[in-house]
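Below, chains carry the letters A, B, ... as their sequence lines are ordered, and counting in each starts from 1.
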Amino acid sequence: MTNKFSSLISHPSSQRTILHLDMDSYFASIEQRDISVYKGKPLLVTHGWHPNRNLGIVMAASYEARPFGIKAGTPIFQAKKLCPKANYVKGNFEKYLHNTRKIVGISRNYSDLVEVYSIDELFLDITNSSHLFGSPVNLAKRFFDEIKDKLGLSCSIGIGPNKLVAKMAGEFNKPRGITYISADELPEAFAPLPAKDLLGVGYRMKKHLRALGIETVGQLQNLSPEYLKKRWGVMGVVLHNASLGIDNSPLIPSHQGPGPKSFGHSSALGAKGIKDLDVVKKVLLGLTEGVCRRMRSDNYLAKTITLRMGLAGLMYFSRARSLANATDITSKIYKTALDLMDGQEELARQHGVSLIAISAGNLKKASDGRQLDIFGNERLSDIDKAVDRVKNRYGEKAIIKASLLGFNKRYQGASKVEIAEVSKGHSSFCNRWV
Amino acid sequence: MFEPNEPIKVLALFSHGKLTPRRFCWQGRFYQIDKVNGAYKSREGLFPIYSFSVQSNGNIYEIIFKPEKMVWKLTRVYQNDQ
């Protein structure tokens with residue numbers, strides 16, 4: 001497929017040199033740099049932190065916290081048991097985004113083809129620039145040093161003939177490592193690696209591979225692609241190619257990235273859950289406000305609303321409903337979400353709600369036109385727009401729903417800071433904010 | 001860590017498009033800034049907020065500057081003994 005930017009996209013070829021940059025323990029490293037009293041100590045970055053609360057998960061753990069078994073995703077109550085002396089700090093996404101923008105700025109000194117893969121990962125196509133520095137490794141060293149000097153942060157760099165190999169190479173030597181795997185070293189360089197370390201192998205695939213007695217990438221390389229295709233379909237072929245270090249995905253500069261597929265916010269409500277449904281509904285309203293505000297800000301309408309709920313110690317369930325017409329009106333989407341909760345109230349009261357999430361998908365651009373309504377939705381839309389204008393001028397806290405007054409600030413609708421967190425890891429976020 | 005969230009007086013340098021706090025006065029006591037560990041700009045609606053993490057005598061102080069109100073505030077203090 002071609003588009004007007006196609007000449008700028010780095011297309012796969014046998015002669016490409018791709019660099020992958022991964023910031024080491026990014027959020028925790030920024031906090032240890034800024035709050036230097038935490039340097040050399042176990043530090044955990046969380047969404048919100050209160051010494052007497054155990055809600056939520058660890059977003060990032062410093063390298064000092066990792067020997068205790070704490071990593072991103074560890075529940076806070078568990079982290080407290082694993083390392084009682086750990087220090088906690090509330091994540092500050094505006095600060096992290098500021099640093100990411102600086103890193104992207106530095107990366108432009110090394111290549112004009114930069115893909116912002118997530119808040120702490122970049123791909124650079126250095127095929128045409130590495131000779132200016134002598135070699136790809138020399139370029140990587142200069143890049144590493146410049147980030148260290150200007151931002152006081154360290155990173156790990158992988159270099160390879162494609163994105164997959166570059167990303168895998170970066171994992172070889174962490175933290176503060178530079179690894180170069182040339183096309184000539186493949187596929188032998190991957191052969192001794194554990195199969196579970198291969199990109200694309202998740203929890204389930206790991207179990208499948210183990211059941212087949214496949215422990216290393218080398219074993220996977222020796223299986224025929226036909227067999228893998230028969231067993232796992234397209235995924236089998238992808239897996240076989242990955243084991244050989246074959247990846248044809250193009251590097252797409254950030255301004256050409258794909259648009260979002262959905263907008264979603266979620267909130268963990270603690271392992272024991274919340275049994276008071278009025279509180280749960282308020283949380284849901286706050287999340288819905290955040291989702292709708294982002295949609296309006298990015299000029300999208302959604303047709304399908306999905307509600308996901310976790311009942312403490314029992315189960316997770318997900319329900320979706322498609323609306324007659326795509327919308328970005330908060331009250332309409334909130335009402336749909338409440339309808340999706342119907343029938344689960346009794347279970348929720350008995351067991352408590354441990355997680356609630358809403359997402360709006362099946363998107364279309366608002367500029368493509370919206371269905372006019374003769375039953376008053378125009379007015380609702382005007383109210384949302386007026387609220388957006390106030391927030392745009394005076395900030396997210398300037399105006400909130402009366403029912404959320406005095407309620408936990410965390411649930412009073414999303415700010416850009418929360419947007420960043422929710423979207424971490426997705427290029428759509430990077431295109432929007434970096 | 002504690003969060004005073006109190007107004008402070010700051011001696012700062014505006015130079016080459018950059019704002020650098022050098023000294024501040026909190027509760028009548030002066031603090032010499034030894035190092036600015038980190039700084040970033042954020043927004044509250046249309047209005048920018050400049051945040052600094054500064055080091056003084058081994059302790060860390062987070063201070064913010066709101067240009068639309070021309071006020072400085074001390075938001076957080078991290079003491080070295082923790």
Looking only at non-hydrogen atoms, find the nearest pair between A:E94 and B:S42 and report the distance. OE1-CB, 2.9 Å
Just checking A:R142: does its CZ atom have more than 12 heavy atoms from other residues, nucleotides or ligands closer to it than 6.0 angstrom? no
Residue pair B:S51 / A:K95, side-chain heavy-atom distance below 4.5 Å: no
Residue pair B:N80 / A:K41: nearest heavy atoms and the distance that separates them: O-NZ, 4.4 Å
Just checking B:K73: does its NZ atom have more than 12 heavy atoms from other residues, nucleotides or ligands closer to it than 6.0 angstrom? no
Looking at NZ of A:K90 and CE of B:M1, how far apart are the two atoms once the value is rounded to the nearest 0.5 Å? 9.5 Å
Which heavy atom of B:Q55 sits nearest to which heavy atom of A:S36, and what is that distance? OE1-OG, 3.0 Å
Which of A:D34, A:V37, A:N87 passes side-chain contact (heavy atoms from CB on, under 4.5 Å) with B:Y78? It is A:V37
Are there more than 12 heavy atoms of other residues, nucleotides or ligands under 6.0 Å from atom CZ of B:F47? yes
Listed by residue number, which members of residues 14-34 of chain B have a heavy atom under 4.5 Å from any heavy atom of chain A? none
Interatomic spacing from CZ in A:R393 to CG in B:L46 - rounded to 0.5 Å: 5.5 Å
Minimum-distance pair of heavy atoms, taken over all atoms of B:A39 and A:H98: O-NE2, 3.3 Å
CD on A:E31 to CD1 on B:I60, rounded to 0.5 Å: 11.5 Å
